[in-house]
A.B. asks: 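Pasting a structure here, questions to come.
What you see below is based on every heavy atom in this structure, not just the backbone, and it leaves out hydrogens, waters and symmetry mates.
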Amino acid sequence: MDVDLAEIDNRIVKDCPKCDSRVKFQIGDKTAKCKICKRQYQIVRDESKDEKDPEAYSFVYNASAVDLFGKIALGIMIAASVVMIIFALYAKHRMVDGLEDNTGGYTLHN
């Protein structure tokens, strides 16, 4: 295994904001991807700090279109479920009321 010392010297390691696993990237990289949770982050560097200091870097998560679509779909499914439950309760109430009033005023006596 041939490892370049300059590559090791330029490597930064930070914790993933989502799963706290270690994310490695090189100085100058624009993005970094967590190998555990598969999230990709944009790397933002604080120019006032040393470029080799991990605290000089922060991760910004850019939600992909798939993530946005999933959240919208989940919201629609929850709303539809609530509407169906309300409709079922209303229909049950109407059916029970109809059965109680369907005696025609007559009762059976032994």
Side-chain angles (χ1 to χ4, degrees):
M1 186 165 123
D2 207 13
V3 178
D4 186 15
L5 293 178
E7 182 179 326
I8 292 174
D9 195 36
N10 289 333
R11 184 178 295 161
I12 304 293
V13 178
K14 284 196 61 82
D15 291 337
C16 174
K18 177 158 173 54
C19 68
D20 290 329
S21 66
R22 298 179 74 155
V23 178
K24 299 174 186 174
F25 59 93
Q26 299 291 323
I27 294 174
D29 286 351
K30 302 292 182 200
T31 61
K33 186 172 184 175
C34 177
K35 292 182 180 180
I36 305 300
C37 68
K38 308 296 186 214
R39 285 198 172 202
Q40 183 158 348
Y41 298 99
Q42 181 180 6
I43 301 170
V44 179
R45 179 173 175 253
D46 183 355
E47 297 292 332
S48 66
K49 295 181 181 177
D50 182 33
E51 69 178 3
K52 294 185 180 185
D53 181 11
E55 296 300 316
Y57 299 91
S58 60
F59 292 137
V60 177
Y61 178 66
N62 293 330
S64 67
V66 174
D67 292 339
L68 182 61
F69 177 75
K71 289 178 183 177
I72 291 171
L74 179 64
I76 290 171
M77 287 181 7
I78 290 172
S81 298
V82 169
V83 168
M84 286 191 298
I85 290 170
I86 292 171
F87 177 74
L89 292 173
Y90 176 74
K92 180 183 177 200
H93 174 71
R94 295 288 288 173
M95 286 175 49
V96 171
D97 282 350
L99 291 175
E100 290 173 358
D101 296 334
N102 199 17
T103 60
Y106 297 104
T107 57
L108 296 175
H109 297 282
N110 284 345

A.B. asks: Other than Val60, what residues sit in its cluster of Ile, Leu, Val, Met, Phe, Trp and Tyr side chains whose heavy atoms are under 4.5 Å apart, directly or through others?
C.D. replies: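 For the cluster that includes Val60, the remaining residues are Val44.
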A.B. asks: Which heavy atom in Val13 sits nearest to a heavy atom in Pro54, and how many Å separate them?
C.D. replies: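 For Val13 and Pro54, the tightest heavy-atom pair comes out as O-CB, 3.8 Å.
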A.B. asks: Name all residues meeting the side chain to side chain contact (heavy atoms under 4.5 Å, CB included) criterion together with Thr31; count only those two or more places apart in sequence or in a different chain, and write none if there are none.
C.D. replies: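 Thr31 satisfies side chain to side chain contact (heavy atoms under 4.5 Å, CB included) with Gln40 once adjacent residues are dropped.
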A.B. asks: Hydrophobic clusters join Ile, Leu, Val, Met, Phe, Trp and Tyr when side-chain heavy atoms are under 4.5 Å apart, directly or via other members; which others share one with Val83?
C.D. replies: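 Answer for Val83: none, a lone residue.
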A.B. asks: For Arg22, which residues count as a side-chain hydrogen bond (donor to acceptor under 3.5 Å, both in side chains) partner, sequence neighbours excluded?
C.D. replies: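 Here no residue qualifies.
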A.B. asks: What distance separates Asp50 CG from Ile27 CD1, expressed to the nearest 0.5 Å?
C.D. replies: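 The CD1 atom of Ile27 is 7.5 Å from CG of Asp50, to the nearest 0.5 Å.
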A.B. asks: What's the verdict on side-chain contact (heavy atoms from CB on, under 4.5 Å) for Ser21 and Cys34, showing C-alpha distance, side-chain angles and the deciding distance?
C.D. replies: CA-CA 8 Å; Ser21 66; Cys34 177; 3.1 Å; yes
A.B. asks: Can you run down the ring pair (Phe, Tyr, Trp, His ring centres under 6.0 Å) pairs that involve residues 62-91, sequence neighbours left out, and say none if there aren't any?
C.D. replies: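 Ring pair (Phe, Tyr, Trp, His ring centres under 6.0 Å) check on residues 62-91 returns no pairs.
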A.B. asks: Indicate the atoms forming the closest heavy-atom contact of Phe59 with Asp15, along with that distance.
C.D. replies: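 Of all heavy-atom pairs spanning Phe59 and Asp15, the closest is CE1-O, 3.8 Å.
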A.B. asks: How many angstroms lie between atom CG of Asp29 and atom NZ of Lys24, to the nearest 0.5 angstrom?
C.D. replies: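 These two atoms lie 13.5 Å from each other.
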A.B. asks: Quick one: side chain to side chain contact (heavy atoms under 4.5 Å, CB included) partners of Lys35, sequence neighbours excluded?
C.D. replies: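 Listed in chain order: nothing, the list is empty.
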A.B. asks: Hydrophobic side-chain clustering at under 4.5 Å (ILVMFWY, transitive links): who's grouped with Leu89? Put none if nobody.
C.D. replies: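 Taking Ile, Leu, Val, Met, Phe, Trp and Tyr as members, Leu89 shares its hydrophobic cluster with Ile85.
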A.B. asks: Do Pro17 and Tyr41 have side-chain heavy atoms sitting under 4.5 Å apart?
C.D. replies: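 Yes, at least one pair of side-chain atoms sits under 4.5 Å.
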A.B. asks: Quick one: list whatever passes side chain to side chain contact (heavy atoms under 4.5 Å, CB included) with Glu55, sequence neighbours left out.
C.D. replies: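 Partners of Glu55 by the side chain to side chain contact (heavy atoms under 4.5 Å, CB included) criterion, ordered by chain and then number, come out as Lys49, Asp53.
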A.B. asks: Could you list the residues that satisfy ring pair (Phe, Tyr, Trp, His ring centres under 6.0 Å) with Tyr57, not counting sequence neighbours?
C.D. replies: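 With neighbours one apart ignored, the set is Phe25.
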A.B. asks: Restricting to pairs with a member in residues 37-46, which pass salt bridge (charged side-chain N to carboxylate O under 4.0 Å, His left out), not counting sequence neighbours?
C.D. replies: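 Found Arg45-Glu47.
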A.B. asks: Partners of Ile72 by side chain to side chain contact (heavy atoms under 4.5 Å, CB included), sequence neighbours excluded?
C.D. replies: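 If we apply the side chain to side chain contact (heavy atoms under 4.5 Å, CB included) test to Ile72, skipping adjacent residues, the hits are Leu68, Ile76.
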